[in-house]
Amino acid sequence: MSSTDVTSPSVRREHLLDQRDLRNRNIAQPKFGGPVDDNNMPQPLAGPAHPQLQPLFQMRQGNQLLATYGVDYNERLLDGFQNRHAERVNQRRNRLRGQEQVEDQAIQQQEALRLQRQEQQLAEDHVRQEREVQRQEAVRRQAQHADLQYEEEQAEQVRRVQRAAQEELERREEELTDQAHRAASVTTKIIVTARDAVDRGEDLNEPVAARNAPRMPRPQRLANEQNIANRRQAQVIRQEAQQPYVEPLYRHTLRNMEVECRNCGTLYWDIERLTSSSRIHPKFGVCCLQGQVRLDPFQEAPAALHRLFCGVDITAREFHNKVCSYNNAFAFTSLGVKIDHAVTSAAGPYSFRIHRGLHHSISAFHPPEGETPSFGQLYIHDPQTALFLHNENNRGHGTTPATMLEVQDTLEQFNPFIPLYKQAYQIIMEKPEAEHEVAAVIPGDGEQDVDEHRDIVLRLKQFDYGGGLKHISHLHPLYSPLHYVLLFPFGEQGWHRTIGSIQNADGNIHSEYVSQRCYYAYRLHPRRTDQSNLFYGGKLLQEYCVDAWASTEESELKWVRHHQKDIRADLYQSVKDAMDQNDGEIDLGQQGQNIVLPSSHSGSTRHMYQLFQDSMAICCHCRKPDIFLTMTANTNWPEIQEALLEYHNAGEVDDDPDMPARKQTAADRPDIVARVFYQKKKALLKEVKDGNL
């Protein structure tokens, strides 16, 4: 029905009443005359089949609905929209509420986990604090026990001294009593003799022998009196020397090695400080010349080598005993020296002793025909072949294949000279056969001047171009790391002539460059921050110290050889004097050049002669010596034992009950023994000079 069909008010009223009745009976009017859905909402009628007539049909139906139903339909439609919106809002609110609940649960779980971790941390801190308290209590009890033991020992020593003094007093009283009895008997005899002489009428004021004897000359009489005085003094000294030994109340001690150099961190005993410094602000000059020497620290040793050097298991013990054999097996260079095997192989503490000079030699890539490759020749082979040759060359030296494999893998991973050595071999092999002789390995960027101290010459064959083994200059930076590969697994450079010195806090500088002696003095002083295996080297450390001393000695001898005019200008006429004595009839080729060692060089003829002359001068001034004393080092001195390092490794246990030692021996630390002996000797000389002995 359209709006044009409702023409009169009565008809319109009837229509509205009908619509109200339908509404009261809850009969839903379909939208556009169509069916209703589940929510009692009208659905649109189906339009015409042709798509082009669909918009016109919908517009016409809409007009009918607006004219028929009016405002009531709009209210129902608005209610439906509001209901749907309310449902969507409720759904969204429910979703948000669910998300908030999930987030609250997650936050609660995180808070519970955090509280649980805090409780665990508090429990661990409590356990750690209890352990620390227990440890401190144990240390305190140990200190109290040590103090009580020390007091008991001191009291026992005092009692022994008192008993000895009491015995000595009783003995002297007995001797005095005996002397008094003898004196009384002698006096009685003298009185009897005098009475007899008086009875015979003799003069007692002058003995008969003295009256009849000739007068002795004055010099002879003085000499006799001096001899009598010397005999009396010797008798007194002999009596004092025959007294029983009494334990001293005080023993000399250096205390603990815990004072650090403020410039380099070296550990010292307090007595080693400079005399110009105080105990509160100690200064030391042996290690770094009070801050003028500063060297880069060594890198931390690889884990495998650190376990072998510092471990306590059977493998580590075997490595400690054969460390020199393992080092020689993997060294690039060989050690050319005459070793005193009578000392190194003797029973007792190990001591590395050599004769004459010491040098390092490097061989060609290929050994002579019929010989097995060794030293650096093994690094041009694959690892399996090299390991086989290592084991064959060291058969009978006490090494084990498992340890050899572990050391080889470590060096293949960290040592920088192995790939460099292989690269040099490849370069030589790529050259024509006529050029198979030389390759140079030069540290630096290649712009430095190459001289005899900075190049290492490698050859393909042993006897090409000049013979067999070639010596490496002891002034080369790689002189030490090419041989001591276990002490320097990363190939750290050694001393060279361009290490610069720095000014210390006082603005002083000894020289422009660090000397060889100062370099080794810096390296051979232990520090708390040192992470290398140098001081765990044992026998290898002894060999390194001797090598360093030989290199320094050779440098000093070379300086003396090239500065003869400066040190012996008055003796430089030896050749001319020889010609004058022989009237020119002399073969100058047989004279040569006389090298004179000054008295400042320890061990030279002039040095020994100077010591002899000083001794004779002292005897002329102070008379003949009263004490002939020989002092030796005691490896059980507390200062030495406390300074030795302990073998330890995390997670390892000592699995060898036959060898329970977990600490170094004095033979493993010659640096500590030498420093302690020097300070003990100074203390003894001070006691002698002060007259306390």
Side-chain angles (χ1 to χ4, degrees), residues 157 161 164-165 168-169 171-172 175 179 216-255 268-279 282-286 517 549 553 556 560 567-568 570-571 596-635 637 639-640 673-693:
Q157 290 181 0
V161 171
E168 179 66 16
L169 181 61
R171 185 181 63 81
R172 290 190 177 184
E175 291 179 355
Q179 291 177 2
M216 184 180 297
R218 180 179 176 82
Q220 187 176 359
R221 187 169 65 254
L222 294 177
N224 290 340
E225 293 177 356
Q226 183 66 32
N227 292 333
I228 293 172
N230 292 338
R231 284 196 298 271
R232 290 177 179 174
Q233 184 179 4
Q235 184 178 3
V236 172
I237 294 175
R238 192 181 303 110
Q239 291 177 356
E240 293 180 354
Q242 293 176 354
Q243 294 180 1
Y245 173 75
V246 179
E247 189 73 18
L249 297 177
Y250 169 75
R251 288 183 177 273
H252 179 267
T253 177
L254 303 180
R255 301 182 184 276
Y268 280 99
W269 285 279
D270 181 70
I271 198 174
E272 292 182 297
R273 70 180 187 276
L274 299 177
T275 55
S276 59
S277 63
S278 62
R279 180 168 296 181
K283 295 181 181 180
F284 305 94
V286 179
R517 186 183 297 274
W549 177 87
E553 189 84 356
E556 293 180 355
V560 172
I567 62 177
R568 63 176 192 95
D570 54 335
L571 301 177
V596 176
L597 290 177
S599 59
S600 58
H601 185 80
S602 300
S604 63
T605 303
R606 284 175 173 77
H607 177 250
M608 304 301 292
Y609 187 74
Q610 182 178 0
L611 294 179
F612 172 75
Q613 293 292 342
D614 293 342
S615 302
M616 295 297 101
I618 293 174
C619 290
C620 291
H621 183 269
C622 302
R623 303 294 180 181
K624 61 182 180 180
D626 298 329
I627 301 176
F628 183 82
L629 186 144
T630 302
M631 181 178 179
T632 58
N634 184 3
T635 58
W637 276 334
E639 296 85 357
I640 295 178
V673 176
R675 290 170 58 184
V676 173
F677 178 76
Y678 178 73
Q679 296 301 326
K680 294 281 188 180
K681 185 189 70 173
K682 286 179 58 179
L684 178 61
L685 292 178
K686 185 177 184 302
E687 293 289 332
V688 174
K689 292 178 181 178
D690 295 343
N692 296 329
L693 293 181

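- To the nearest 0.5 Å, the span separating CD1 on Ile271 from NZ on Lys682 amounts to 6.5 Å.
- Side-chain contact check for Tyr678 versus Glu272: every heavy-atom pair is 4.5 Å or farther apart.
- The environment of Arg517 atom CZ is sparse: at most 12 non-hydrogen atoms of other residues, nucleotides or ligands sit within 6.0 angstrom.
- In this structure the side chain of Val596 reaches within 4.5 angstrom of the side chain of Arg606, judged on heavy atoms.
- Lys686 meets the side-chain contact (heavy atoms from CB on, under 4.5 Å) test with Asp690; sequence neighbours excluded.
- In terms of heavy atoms, Ala683 sits closest to His252 at CB-NE2, 3.3 Å.
- The residues Glu175 and Arg172 are annotated as not salt-bridged, no charged nitrogen and carboxylate oxygen being separated by less than 4.0 angstrom.
- Atoms CG and CZ, from Asp614 and Phe612 in turn, are 11.0 Å apart once rounded to the nearest 0.5 Å.
- Scanning for side-chain contact (heavy atoms from CB on, under 4.5 Å) contacts around Phe677 gives Met631, Ala633, Trp637, with sequence neighbours left out.
- For His607 (side chain) and Gly603 (main-chain N/O), a donor-acceptor pair under 3.5 Å exists by modelled atom type.
- Ser278 contributes atom OG, which lies 8.5 Å from atom NZ of Lys283 (distance to the nearest 0.5 angstrom).
- For Arg255, the salt bridge (Lys or Arg N to Asp or Glu O under 4.0 Å) criterion is met by no residue, not counting sequence neighbours.
- Scanning both residues, Pro598 and Val560, for their nearest heavy atoms gives CD-CG1, 3.9 Å.
- Interatomic distance, NZ of Lys689 versus CG of Leu684, reported as 11.0 Å (0.5 Å rounding).
- Thr605 has its side chain out of reach of Leu597: every pair of non-hydrogen atoms, C-beta onward, lies at least 4.5 Å apart.
- When atom types are taken as modelled, the side chain of Glu639 and the backbone of Leu254 share a donor-acceptor pair closer than 3.5 angstrom.
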